[in-house]
Amino acid sequence: MSLTVLIGGARSGKSSLAVDIGQRFDARSDAQSGFESNGHVTFIATAPAFDGDMAKRIARHRTERPAHWTTVEEQIELATAITSAPDGLVIVDCLTLWTSNLIWAEQPDTTIRERATAGASAAEHRDGPVVVITNEVGLGIVPENELARRYRDIHGWVNQEWVRRSD
């Protein structure tokens with residue numbers, strides 16, 4: 001029905017904006033967008049708690065969301081998580097970490113591209129709205145190491161795929 005991609009720099013307020021969108025969806029129907037809100041929000045979190053700092057960040061994000069929202073923690077199978085979500089709004093936070101998760105899982109670039117296409121397609125074809133958060137990582141200098149260049153390049157492609165399908 002509608003796919004919105006929130007893209008920007010790290011710590012720029014994208015997650016807060018997505019939570020605000022979710023709270024508005026949760027509170028009422030939005031006749032202007034053409035869907036009836038059943039008030040259900042599913043939040044798909046992709047962040048792994050790989051150290052103490054990330055665990056604190058995840059905990060802080062949890063407290064920023066209403067407790068009655070459904071939270072699905074899925075680091076790899078994003079298309080399945082989107083497809084399996086009940087009717088209502090789906091928020092995905094975020095493609096940036098999801099791409100990183102796939103690289104650390106030693107997925108080849110072709111597989112990452114296939115998964116990005118499948119995820120974006122699942123979001124595009126949902127009956128309810130989807131809001132996806134992602135970072136722009138390609139605005140800086142060319143990274144000095146191969147892994148960082150690979151990440152920047154494949155994540156740029158992931159962003160392009162999702163934005164191409166967005167409303």
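Side chains are part of it too, since the values below use all heavy atoms of this structure and drop only hydrogens, waters and symmetry mates.
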Chemist: Once you round to the nearest 0.5 Å, how far does CD1 of Ile103 lie from OG1 of Thr99?
Modeler: 6.5 Å
Chemist: Nearest 0.5 Å, what's the CD-CG distance between Glu77 and Asn101?
Modeler: 11.5 Å
Chemist: Below 4.5 Å, heavy atoms only, C-beta onward: do Val41 and Ile91 meet side chain to side chain?
Modeler: yes
Chemist: Is there side-chain contact between Ile7 and Trp162, with heavy atoms separated by less than 4.5 Å?
Modeler: no
Chemist: Within the side chain of Thr42, is there an N or O that forms a donor-acceptor pair under 3.5 Å with the backbone of Val90?
Modeler: no
Chemist: Can any side-chain N or O of Asn135 pair as donor or acceptor with the backbone N or O of Val137 at less than 3.5 Å?
Modeler: no
Chemist: Is there a side-chain contact between Thr117 and Glu161 in this structure, where contact means two heavy atoms from C-beta onward sitting under 4.5 Å apart?
Modeler: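 Heavy-atom side-chain distance check passes, below 4.5 Å.
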Chemist: Inspect the contact between Asp109 and Arg113 and indicate whether a charged nitrogen and a carboxylate oxygen are less than 4.0 angstrom apart.
Modeler: no
Chemist: Hey, are His40 and Asp26 close enough side-chain-wise for a donor-acceptor pair under 3.5 Å?
Modeler: no
Chemist: For a quick test of reading the model, state the closest non-hydrogen atom pair linking Val131 to Ala18 and the distance between them.
Modeler: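 So the minimum-distance heavy-atom pair works out to CG1-CB, 4.2 Å.
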Chemist: When you measure from the side chain of Thr83 to the backbone of Ala79, do you find a donor-acceptor pair of N or O atoms at a distance under 3.5 Å?
Modeler: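 Between the backbone of Ala79 and the side chain of Thr83 there is a qualifying donor-acceptor contact (under 3.5 Å).
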Chemist: Answer whether the closest heavy-atom distance between the side chains of Glu74 and Trp98 falls below 4.5 Å.
Modeler: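 Side-chain contact under 4.5 Å: no.
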Chemist: So, for Asp93 and Ile133, which heavy atoms are closest and what is the spacing to 0.1 Å?
Modeler: CG-CD1, 3.5 Å
Chemist: For the pair Ser166 (side chain) and Val163 (backbone), establish whether a donor and an acceptor sit closer than 3.5 Å, ignoring hydrogens and angles.
Modeler: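 Yes, Ser166 side chain to Val163 backbone: donor-acceptor pair under 3.5 Å.
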Chemist: As an exercise, state the distance from CZ of Arg115 to CD1 of Ile112, rounded to the nearest 0.5 Å.
Modeler: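 Rounded to the nearest 0.5 Å, the CZ-CD1 separation comes out at 9.0 Å.
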Chemist: Restricting to non-hydrogen atoms, name the atom on Gly22 and the atom on Leu89 that form the minimum distance, rounded to 0.1 Å.
Modeler: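 Heavy atoms only, the tightest pair is CA-CD2, 3.5 Å.
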Chemist: Quick check for you: to the nearest 0.5 Å, what is the distance between Glu64 atom CD and Asp20 atom CG?
Modeler: 12.0 Å
Chemist: For Asp153, is there an ion pair with Arg149 - N to carboxylate O distance below 4.0 angstrom?
Modeler: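 Salt bridge absent between Arg149 and Asp153.
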Chemist: Looking at SG of Cys94 and NZ of Lys14, how far apart are the two atoms once the value is rounded to the nearest 0.5 Å?
Modeler: 7.0 Å
Chemist: When you look at Leu78 and Val92, which way does the side-chain contact (heavy atoms from CB on, under 4.5 Å) test go after all the steps?
Modeler: CA-CA 9 Å; Leu78 187 53; Val92 177; 3.8 Å; yes
Chemist: Indicate yes or no: at least one non-hydrogen side-chain atom of Thr111 is less than 4.5 angstrom from one of Leu102.
Modeler: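 Counting from C-beta outward, Thr111 and Leu102 never come under 4.5 Å.
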Chemist: Side chains of Asn159 and Arg164, heavy atoms from C-beta outward: is any pair under 4.5 Å?
Modeler: no
Chemist: Using a 3.5 Å distance criterion without hydrogens, assess whether the side chain of Thr63 forms a donor-acceptor pair with backbone atoms of Arg60.
Modeler: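 Pair found, side chain donor or acceptor close to backbone of Arg60.
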Chemist: Do you reckon Ile82 sits in the same ILVMFWY cluster as Leu97, going by side-chain contacts under 4.5 Å, direct or chained?
Modeler: no
Chemist: Minimum heavy-atom separation for Ile76 and Ala105, please, with both atom names.
Modeler: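 Looking at all heavy atoms of both residues, the shortest contact is CD1-CB, 4.2 Å.
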Chemist: Can you measure from CZ (Phe50) to CD1 (Ile58) and round to the nearest 0.5 angstrom?
Modeler: 8.0 Å
Chemist: Going by atom types only, do His155 and Thr134 share a side-chain donor-acceptor pair under 3.5 Å?
Modeler: yes
Chemist: Could you tell me if the side chain of Arg152 sits less than 4.5 Å from the side chain of Val142, heavy atoms only?
Modeler: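 Sidechains of Arg152 and Val142: in contact.
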Chemist: Should the pair Arg62-Glu73 be classified as a salt bridge under the 4.0 Å nitrogen-to-oxygen rule?
Modeler: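 Salt bridge flag = yes for Glu73 with Arg62.
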Chemist: Any sub-3.5 Å donor-acceptor pair from Arg126's side-chain atoms to Gly88's backbone N or O?
Modeler: yes
Chemist: Kindly give the heavy-atom pair with the smallest separation between Arg65 and Val19, and that separation in Å.
Modeler: CG-CG2, 4.1 Å
Chemist: If every non-hydrogen atom of Ser2 is compared with every non-hydrogen atom of Asp167, which pair is closest and at what distance?
Modeler: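 Looks like CA-OD2, 2.7 Å.
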Chemist: Any chance CD of Glu146 has more than 12 other-residue heavy atoms, nucleotides or ligands included, within less than 6.0 Å?
Modeler: no
